[in-house]
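Right, one structure below, let's go through it.
In what follows, chains are A, B, ... by sequence order, proteins preceding strands, each numbered from 1. It should be emphasised that the depicted structure is a prediction, and the values quoted were computed from it without experimental measurement.
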2 protein chains.
Amino acid sequence: MSSTEFTKRLLTYRLSLLHLQEIGLNDVYSHLIAGETGFSAALIRKDFSRINVKGKRRGGYEIDVILQAINNYFGDDKVSKVILVGMGNIGSAIARYKDFQNQKLRIVAAFDIDPAKQRKKFSIPVYSMGKCQEIIYCYEIEAGIIAVPAFSAQTVCDRLVYCGIKGILNFAPVNLKVPEEVYVSNVSLSNELRHVIYHAKQNK
Amino acid sequence: MSSTEFTKRLLTYRLSLLHLQEIGLNDVYSHLIAGETGFSAALIRKDFSRINVKGKRRGGYEIDVILQAINNYFGDDKVSKVILVGMGNIGSAIARYKDFQNQKLRIVAAFDIDPAKQRKKFSIPVYSMGKCQEIIYCYEIEAGIIAVPAFSAQTVCDRLVYCGIKGILNFAPVNLKVPEEVYVSNVSLSNELRHVIYHAKQNK
DNA sequence: TTTATATTGTGAATATTGTCACAATAAATT
DNA sequence: AATTTATTGTGACAATATTCACAATATAAA
């Protein structure tokens with residue numbers, strides 16, 4: 001199993017490389033990416049080597065080649081389809097999030113227990129949880145986003161797992177419990193913020 | 001400098017412990033927390049030892065004591081004050097986010113270039129960026145949240161840093177560049193989701 | 001009271017991750 | 001063409017993080 005840090009670094013590189021490409025660059029040196037991302041140049045070269053990206057000695061790397069290899073590592077140029085559960089405060093913001101479209105990430109359906117939410121016009125259809133299994137099967141969904149209140153998050157999670165979901169991005173402030181074969185990423189906004197505040201205090 | 005993983009684990013423990021406390025427990029064993037969080041029992045004990053939490057041999061740990069020590073590590077029972085820049089899609093969801101209040105995290109002011117946003121009624125005041133320095137000084141703010149579009153994120157960031165902010169939680173899909181003494185946590189929703197999808201595919 | 005059992009706390013062993021240093025080499029310069 | 005220079009690619013090394021194993025010890029049971 002490849003380390004989570006490595007995978008995250010690849011996504012960080014990608015973000016920087018897309019930016020550099022946008023401002024007109026075609027090639028980069030490991031030191032430049034180091035400056036952009038904060039990782040060391042040697043580590044970056046090792047990472048590139050790991051995904052079989054070859055540079056030219058003294059010539060640097062072609063941005064296109066790296067981006068291609070990173071996309072390849074993540075297994076797709078295809079659009080990835082996910083579902084979203086919970087169209088409250090956070091959920092509806094995620095539903096409207098623009099960057100997903102650029103990134104070939106598509107939320108194909110959302111779910112909410114509130115019938116009013118189901119009638120309301122969002123850019124994606126909102127169903128009751130009853131439809132969840134059907135949709136997951138039809139669209140062959142592998143990953144879901146949970147944005148429901150803390151008290152119902154585990155129940156929703158269990159249901160998604162039962163329907164065959166293998167990856168969950170969880171915004172509820174709860175540590176979800178799942179079987180081993182399911183991957184959960186808990187994004188606790190409070191924890192992230194606490195973490196930042198902690199470091200801010202250290203650096204004063 | 002203490003590792004970021006260690007700090008994150010502490011916050012994960014806290015989330016689980018609060019939950020366990022809510023369902024009526026007073027004491028816990030390291031193995032129980034292991035089951036809740038997915039970290040190994042030995043690691044948990046080492047972590048507790050590191051923040052000077054003592055258990056009773058064969059008796060487990062008192063939840064209260066652990067929580068107190070974790071709060072203490074993060075340096076506060078006081079309310080932590082932060083600012084928020086950008087009241088668009090993501091920004092306004094963050095402004096409304098309930099969990100911050102429970103967690104003694106308070107967004108004291110928000111900023112947006114759009115005058116319409118400034119007039120609109122949110123539960124927190126929304127100012128133009130012009131007010132930013134003044135507010136940061138008055139409230140002695142150390143950390144800020146950036147939720148502006150990618151193209152303006154670095155500019156906003158530079159301004160916050162200039163005003164003395166030492167910690168930034170960034171939701172814009174950009175790797176922000178900051179001086180060494182400033183801590184940035186980049187939360188890219190797209191990257192988080194990609195990461196989950198990647199693991200979901202692995203686990204199929 | 002004695003024995004069995006479960007749990008903490010931690011030093012030692014192991015595994016993982018990242019850095020360093022430099023040979024290989026391509027490009028640029030003289 | 002020869003020399004200098006800048007960069008990659010990677011093996012050896014260092015640092016860090018995690019697990020293992022078990023002594024210490026408190027509780028429960030017999």
### Shortest side-chain distance from Lys54(A), nucleotide among dG11(C), dG9(D), dT19(C)
dG9(D)

### Message
Rounded to whole Å, please give me the gap between CG in Asn52(A) and P in dG9(D).
### Response
11 Å

### Query
Can you tell me how far P of dT19(C) sits from CD of Glu5(A), to the nearest Å?
12 Å

### Task
Side chain of Ala42(B) only, please: which of dG18(C), dC20(D), dT18(D) is the nearest?
dC20(D)

### Message
Please tell me if Arg9(B) has a side-chain N or O lying less than 4.0 Å from either OP1 or OP2 of dT18(D).
### Response
yes

### Interatomic distance, Lys46(B) NZ vs dA13(C) P [rounded to whole Å]
13 Å

### Query
What orientation do Tyr183(B) and His199(A) show, parallel under 30°, tilted 30 to 60°, or perpendicular over 60°?
parallel

#### Entry: Summary of salt bridge (charged side-chain N to carboxylate O under 4.0 Å, His left out) pairs that have at least one residue in residues 156-179 of chain A, sequence neighbours excluded
Lys177(A)-Glu36(B)

#### Entry: Interatomic distance, Ile44(A) CD1 vs dT19(C) P [rounded to whole Å]
10 Å

### Message
Rounded to whole Å, please give me the gap between CG in Asp27(A) and P in dT7(D).
### Response
12 Å

#### Entry: Length of the line joining Ile66(A):CD1 and dT7(D):P, which is rounded to integer Å
15 Å

### Task
Apply the test side-chain contact (heavy atoms from CB on, under 4.5 Å) to residues Leu32(A) and Leu25(A): give CA-CA distance (whole Å), side-chain angles for both, the deciding distance (0.1 Å), then the verdict.
CA-CA 11 Å; Leu32(A) 176 56; Leu25(A) 293 186; 3.9 Å; yes

### Message
Over all strands shown, is Tyr61(B) touching base, sugar-phosphate only, or nothing at heavy-atom distances under 4.0 angstrom?
### Response
sugar-phosphate

### Message
Less than 4.0 angstrom between a side-chain N/O of Ser49(A) and OP1 or OP2 of dT10(D), yes or no?
### Response
yes

### Letter per nucleotide, 5' to 3', of nucleotides 22-30 of chain C [B base touched, S only sugar-phosphate touched, - untouched; heavy atoms, 4.0 Å]
-BBBBBS--

### Query
In terms of the angle between their ring planes, are Tyr13(B) and Phe48(B) parallel, tilted or perpendicular, with boundaries placed at 30° and 60°?
perpendicular

### Query
Distance under 6.0 Å and angle within 45° of the ring axis: does Arg50(A) meet both against Phe6(A)?
yes

### Query
Atom CD of Glu62(B) to atom P of dT7(C): distance rounded to whole Å?
16 Å

#### Entry: N or O in side chain of Ser40(A) less than 4.0 angstrom from dT19(C) OP1/OP2
yes

### Summary
Rounded to whole Å, CG of Asp47(B) lies from P of dT18(D) at a distance of 8 Å

### Task
Give a yes/no on whether any side-chain N or O of Ser30(A) is located under 4.0 angstrom from OP1 or OP2 of dT8(D).
yes

### Task
Give me the ring orientation class for Tyr198(B) and Tyr73(A): parallel if the planes are under 30° apart, tilted from 30 to 60°, perpendicular past 60°.
parallel

### Query
Taking the six-membered ring of Phe122(B), is NZ or CZ of Arg96(B) closer than 6.0 Å to its centre and within 45° of its axis?
no

